[in-house]
Amino acid sequence: MEDCLAKKMEITVSEAEKRTGRNAMNMQETYTAYLIETRAVESQSEGQCAPVDSLWRRYSEFELLRNYLSVTYPHIVVPPLPEKRADFVWHKLSADNMDPDFVERRRIGLENFLLRVASHPILCQEKIFYSFLTQEGGWKEMVNETGFQLKADSRLKALNATFRVKNPDKRFTELKHYSDELQSVISHLLRVRARVADRLYGVYKVHGNYGRVFSEWSAIEKEMGDGLQSAGHHMDVYAASIDDILEEEEHYADQLKEYLFYAEALRAVCRKHELMQYDLEMAAQDLTSKKQQCEELATGTVRTFSLKGMTSKLFGQETPEQREAKIKVLEEQIQEGEEQLKSKNLEGRDFVKSAWADIERFKEQKNHDLKEALISYAVMQISMCKKGIQVWTNAKECFSKM
Amino acid sequence: TSLGEVNSFSPSMPISPSSMINQYKFEDEPELRDLFITVDDPESHITAIETFITYRVVTKTSRGEFDSSEYEVRRRYQDFLWLKGKLEEAHPTLIIPPLPEKFIMKGMVERFNDEFIETRRKALHKFLNRIADHPTLTFNEDFKIFLTAQAWELSSHKKQGPGLLSRMGQTVRAVASSVRGGVKNRPEMFTEMNDYMETFSQKINVLDKIAHRIYKEEREYFNEMKEYGPIHTLWSASEEDIADSLKGVASCIDKCCKATEKRMAGLSENLLPILHEYVLYSEILMGVLKRRDQIQGELDSKVDALANKKTEKDLFSEEIGKLEDKVECANNALKADWDRWKQNMQCDMRSTFTNVAENNLRYYEECLATWESFLASQTVDLHVEEDSEDRP
């Protein structure tokens with residue numbers, strides 16, 4: 001990671017702003033624009049700071065960037081974008097894309113995406129990425145001019161390959177299985193976490209009702225009044241404390257969500273391998289059948305039953321000249337095919353090698369990040385417990401003075 | 001408390017020096033109690049006509065007026081109702097402790113499920129003990145019979161004497177009373193009590209609802225938490241490097257889940273029954289205040305009647321004298337019992353809410369310890385990893 005962009009340049013997505021504009025169909029739309037700030041990192045001088053460059057981008061441009069990277073680097077586990085729509089919401093959170101909390105979390109997610117790309121040894125060198133960060137106008141056109149969309153594999157083709165491939169590399173099959181499991185377990189976890197958060201919210205907030213009743217009750221009590229009143233205040237503090245606690249937990253959920261979406265990136269690499277492998281198998285199969293045809297024509301024997309053989313028997317044999325011509329064509333095709341097969345084989349092996357290298361890099365990153373996330377979750381729980389202890393210690397003191 | 005305040009004069013009970021000394025002792029020194037009652041062992045009985053539950057009532061006493069020092073009888077809810085009615089009859093302006101309700105309002109399908117029976121048993125136990133602790137009620141004759149008589153003896157005793165009033169519900173009695181007077185000449189103190197009780201009643205009802213809401217929310221939280229931990233264990237099966245961390249988190253969540261179950265149990269064993277008891281108490285107290293007003297009302301209406309008949313003053317004055325005594329006794333009894341009740345209420349609230357706080361503290365302390373030990377295990381691993389990376 002010595003030369004990666006992240007070390008040379010400070011990248012932040014520092015602001016989000018609501019904008020209105022006209023879309024492709026000339027209808028008015030509201031969207032959010034994000035401010036990307038970049039600054040060269042000065043390694044020597046401490047006091048000096050390089051100037052900050054900035055430009056605005058909207059979510060769809062991030063999507064375009066990612067699509068470009070996925071198509072151009074199919075052997076790389078391309079970092080995912082934060083979710084397009086708010087998912088796994090619990091009742092207090094809004095599912096509205098315009099909600100300021102959602103926008104804020106998305107801003108952080110987009111920054112995280114850029115940092116991930118910038119610290120990837122291969123992706124960070126991509127010029128399109130660099131211009132995304134630095135070139136204000138004409139970036140979209142530049143990307144589209146690369147014609148990358150043409151390189152994209154059709155979903156149908158990929159699906160077909162997945163079903164029909166005979167000998168994919170076992171490691172990719174296992175990886176695909178793993179990414180399915182990862183996706184399933186993280187979604188389940190996020191769903192239950194959201195429900196737990198909802199319930200926890202309920203428990204805390206209900207305690208807030210104590211405050212008012214205690215206060216009203218204290219008005220008619222002489223000796224108990226003070227204790228009740230101050231205990232009520234602590235109950236209010238307790239009820240209010242859940243908001244910050246759960247907001248922090250959202251960041252933890254976002255960390256898990258990133259890996260939920262990474263599962264899809266993993267699957268994409270596996271799909272590409274299956275496609276290439278299937279392509280290879282089809283090419284090899286085609287070559288074999290052509291060779292067989294050639295042999296049959298040359299020796300005049302029909303080894304296997306074929307409609308062609310039938311028809312030639314029914315409609316009479318070909319002339320030797322016709323046969324010669326056919327053989328020649330086939331021989332040419334066979335030669336072409338063998339070259340193609342060789343290069344496809346090479347491509348396939350290169351793909352497997354480089355993909356697997358990136359997958360190993362990804363695995364290390366994933367293990368490190370998830371372990372840290374779990375630790376940060378524990379830290380959050382500890383903080384919540386300590387707050388609870390403080391509040392209830394105070395409340396206990398008030399109650400004991402009643 | 002001084003002897004003066006403890007004097008609760010009841011029209012039907014003779015005051016003897018020895019009983020006064022006993023009253024004094026009960027209030028302040030529970031260790032010198034001489035009457036111990038337990039209610040346990042619910043048993044269901046099925047007859048051709050009905051199914052009902054009886055509870056075992058065990059009494060241990062050193063009191064002279066009891067023939068034996070230990071009694072064991074079986075009583076059903078009806079018998080408790082009867083006792084309450086008799087006590088109210090005998091002491092209209094004393095605060096008779098509440099009985100658990102006859103029916104459950106939220107429409108439980110089985111009247112006799114275990115939870116319901118246990119809650120009722122605890123409340124009945126409390127009821128008898130509160131009577132035993134009461135300076136006046138503890139010496140009530142019907143109370144003694146309730147504790148000591150065999151089933152057939154109790155039935156025959158029940159059939160004697162005026163029983164009509166005891167069969168009517170307290171609220172029904174209050175509503176049916178036509179003597180609405182007593183408010184006009186009501187001493188300031190009792191107006192204050194009335195105002196207090198109105199507010200107290202409101203607040204305690206709200207508190208009762210809040211406590212139930214909290215219990216419900218904690219239960220829902222517990223239910224979700226039960227599912228939360230196992231997902232991490234499931235995940236650990238697909239992982240290698242982070243499997244231990246995941247299993248650690250799963251174990252922490254499961255422990256916190258158990259801790260939350262304990263917290264819930266604490267709530268239902270302590271706060272909920274006490275608040276419920278005081279909800280019932282607030283109704284009882286409103287009734288007691290009304291009865292005092294009624295007694296006053298009798299006097300007032302007789303006085304008003306006399307004001308119009310100047311000639312028969314002598315005849316009436318004796319009657320009025322008796323009524324005046326009655327009012328004075330009722331007022332004194334109520335005042336003393338009210339003070340006692342307020343002290344007990346304060347004590348109960350203080351200890352109950354302190355207990356709630358302690359419960360929550362225990363919960364958070366347990367969870368804290370769990371997560372801290374997990375964190376320690378993780379950071380040890382991290383340091384080990386860092387060290388091994390540094391080595392060439």
Side-chain angles (χ1 to χ4, degrees), chain A residues 177-178 181-182 185-186 188-189 192-193 195-196 198-200 202-207 209-210 212-214 216-217 219-221 223-224 227-228 231 238 363-364 366-368 370-371 374-375 377-382 384-389 391-402, chain B residues 195-196 199-200 202-204 206-207 209-210 213-214 216-218 220-225 227-228 231-232 234-235 237-242 245-246 248-249 252 256 345-346 349-361 363-368 370-372 374-375 378-379 381-382:
Chain A
H177 187 58
Y178 169 78
E181 281 179 1
L182 187 70
V185 84
I186 295 184
H188 191 193
L189 200 157
V192 175
R193 190 214 71 91
R195 292 206 300 259
V196 168
D198 213 359
R199 290 305 170 191
L200 192 63
V203 171
Y204 273 74
K205 286 303 177 188
V206 164
H207 279 83
N209 290 321
Y210 272 139
R212 204 178 76 170
V213 186
F214 280 168
E216 290 168 358
W217 182 8
I220 57 170
E221 297 291 344
E223 287 156 41
M224 282 171 46
L228 276 174
Y238 182 67
K363 276 189 189 161
E364 258 190 63
K366 172 208 71 157
N367 287 335
H368 176 265
L370 287 177
K371 190 160 181 186
L374 292 172
I375 289 174
Y377 186 71
V379 169
M380 275 185 262
Q381 299 308 303
I382 288 170
M384 178 171 85
C385 290
K386 286 189 174 160
K387 280 189 202 163
I389 289 171
V391 163
W392 284 102
T393 304
N394 293 338
K396 180 178 166 181
E397 218 190 290
C398 298
F399 287 135
S400 61
K401 290 198 185 129
M402 265 168 37
Chain B
D195 291 341
Y196 173 90
T199 308
F200 180 86
Q202 261 178 41
K203 299 313 155 197
I204 203 73
V206 172
L207 268 177
K209 287 199 184 75
I210 293 173
R213 244 326 261 301
I214 291 177
K216 177 171 163 279
E217 295 288 343
E218 285 187 8
E220 307 271 6
Y221 174 68
F222 169 70
N223 285 336
E224 298 296 349
M225 282 289 272
E227 215 189 308
Y228 194 31
I231 300 176
H232 294 79
L234 182 67
W235 186 357
S238 343
E239 298 288 343
E240 281 168 25
D241 278 38
I242 58 172
S245 307
L246 285 168
V249 170
C252 285
C256 292
M345 186 273 287
Q346 192 173 331
M349 290 301 164
R350 185 192 319 131
S351 74
T352 298
F353 280 105
T354 305
N355 178 277
V356 167
E358 281 170 353
N359 231 5
N360 276 288
L361 274 173
Y363 165 74
Y364 280 114
E365 276 161 4
E366 245 183 83
C367 293
L368 179 68
T370 299
W371 286 107
E372 275 184 336
F374 167 76
L375 190 68
Q378 296 301 293
T379 40
D381 289 347
L382 270 179

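In what follows, chains are A, B, ... by sequence order, proteins preceding strands, each numbered from 1. Nothing here was measured: the structure is a model prediction, and the numbers come from that model.
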Task: B:Tyr363 versus chain A, the contacting section by heavy-atom distance below 4.5 Å - done: neither
Open item on the list: For B:Tyr228, which atoms come within 4.5 Å of any heavy atom of chain A: side chain, backbone, both, or neither?
Closed with: both
Quick one: which of [options] has the most heavy-atom pairs under 4.5 Å with chain A, could you say?
| options | result |
| --- | --- |
| B:Val356, B:Val249, B:Leu207, B:Leu234 | B:Leu207 |
| B:Glu372, B:Arg213, B:Glu220, B:Glu366 | B:Glu220 |
| B:Glu227, B:Glu218, B:Lys216 | B:Glu227 |

Task: Side chain, backbone, both or neither of A:Ile186 within contact of chain B (heavy atoms, under 4.5 Å) - done: side chain
Task: Residues in salt bridge (Lys or Arg N to Asp or Glu O under 4.0 Å) contact with A:Lys363, at least two apart in sequence or another chain - done: none
Open item on the list: Taking atom CZ as the centre, does B:Arg350 end up with more than 12 heavy-atom neighbours from other residues, nucleotides or ligands that are less than 6.0 angstrom away?
Closed with: yes
Task: Choice from A:Glu181, A:Gln381, A:Glu397, A:Met384 maximising heavy atom contacts with chain B below 4.5 Å - done: A:Gln381
- [ ] Quick one: which of A:His188, A:Lys386, A:Lys205 has the most heavy-atom pairs under 4.5 Å with chain B, could you say?
- [x] A:His188
Find the distance between [atom1] ([X]) and [atom2] ([Y]) and round it off to the nearest 0.5 Å.
| X | Y | atom1 | atom2 | value |
| --- | --- | --- | --- | --- |
| B:Phe374 | A:Ile382 | CZ | CD1 | 9.5 Å |
| B:Phe222 | A:Arg199 | CZ | CZ | 14.0 Å |
| B:Gln202 | A:Ile220 | CD | CD1 | 9.0 Å |

Open item on the list: Under the rule for side-chain hydrogen bond (donor to acceptor under 3.5 Å, both in side chains), what residues qualify as partners of A:Glu364, not counting sequence neighbours?
Closed with: none
Open item on the list: Could you walk me through whether A:Leu182 and B:Trp235 satisfy the side-chain contact (heavy atoms from CB on, under 4.5 Å) test, starting with their C-alpha distance in whole Å, then the side-chain angles of each, then the deciding distance to 0.1 Å, before giving a yes or no?
Closed with: CA-CA 7 Å; A:Leu182 187 70; B:Trp235 186 357; 3.5 Å; yes
- [ ] Decide, yes or no, whether a salt bridge links B:Glu239 with A:Lys366 under the criterion of side-chain N to carboxylate O below 4.0 Å.
- [x] yes
TODO: For A:Met224 and B:Met345, run side-chain contact (heavy atoms from CB on, under 4.5 Å): C-alpha distance rounded to whole Å, both residues' side-chain angles, the deciding distance at 0.1 Å, then the answer.
DONE: CA-CA 10 Å; A:Met224 282 171 46; B:Met345 186 273 287; 4.1 Å; yes
